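Accompanying notes for the structure given below.
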Amino acid sequence: MESMREWSNKQLVEYIVMVEFESFDRVKGIGGRASCQDDWKTFYIMRASQYLTWTRDMLISYLNDFQTASEKGWNMITEKYARMMETTDKERFNEFKDSLPPISEKKKAIIEEVVKIQVAWMEEFTKEYPQVSPYTRYIHTTEDTIEHTSYETYLRGELSTYSDHTLYLYARFIVELMKEKKNLAKMTMEHTIHMYGYQSFDEITWR
């Protein structure tokens, strides 16, 4: 970790996505291996788009989370998908929920406040750019099915895997963006479309 502090933010993002993909590759789904586990390009774009918006402290803290979990033999990506099943497949979730790390009520409250803000941002973004919304997830947990996980549920599952320190940095980041009247959903999607070769949202059409 010490040597990584000399890396650029882009190098940190590249490394995070690489170690995440290695963990993602080891996730054992209930229905067997998913096709997306063999799609490095899409995985890279989706994950890098997110991390390119983060601060340096957030990137380093999250990498530390990942390293700590790996040393304990724990797969944070498996945990993330397992937590999503609380609303996508409640029956199966109840079979293994006790094996997941406990989350304090204080941490849950912070997560829910952050999720509320980000869901509103995503609603705002899809309203402003309706031509892009068909390419995004359903927004709300109420839209979850076994086959489709919403943006809200995915985000909640992801935040639940963060350490207290990383979550604190993330929540502070969200508050700062609010103060600056910025929309993280739009910021992330801008990175996404640029990686797919588009210069602006106006170039995208649903077909």
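For clarity, every value in this text was computed on a predicted model and none was experimentally measured.
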Y168 ring center within less than 6.0 Å of Y162 ring center: no
I204 with Y196, same ILVMFWY side-chain cluster at under 4.5 Å: yes
Salt bridge K90-E86, side-chain N to carboxylate O under 4.0 Å: yes
E190 backbone acceptor or donor facing H194 side chain under 3.5 Å: yes
Presence of salt bridge, K10 and E14, under 4.0 angstrom: yes
Within residues 54-75 or reaching into it, pairs that qualify as salt bridge (charged side-chain N to carboxylate O under 4.0 Å, His left out) - sequence neighbours excluded: none
E124 with K186: basic N within carboxylate O range, under 4.0 Å: no
Side-chain donor/acceptor of E203 to backbone N/O of Y198, under 3.5 Å: no
F66 versus V19, closest heavy-atom pair with distance: CE2-O, 3.8 Å
Ring center gap for F21 and Y44 short of 6.0 angstrom: no
N/O donor-acceptor pair under 3.5 Å between R137 side chain and T149 backbone: yes
hydrophobic_cluster_shared for M122 and V175, side chain cutoff 4.5 Å: no
Backbone of D39 reached by a side-chain donor or acceptor of T42 within 3.5 Å: no
Lys/Arg N to Asp/Glu carboxylate O, R83 vs E158, below 4.0 Å: no
Any donor-acceptor N/O pair, T153 side chain to S150 backbone, under 3.5 Å: no
Cluster link L100 to I103, ILVMFWY, side chain under 4.5 Å: no
Heavy-atom donor-acceptor pair, T188 side chain to L184 backbone, under 3.5 Å: yes
F43 and F24 aromatic centres sub-6.0 Å: yes
E113 (side chain) donor-acceptor with I110 (main chain) under 3.5 angstrom: no
Charged N-O contact under 4.0 Å between E123 and K127: no
Side-chain donor-acceptor contact under 3.5 Å, E20 with Y51: yes
Donor-acceptor side-chain pairing of S133 and T136 below 3.5 angstrom: no
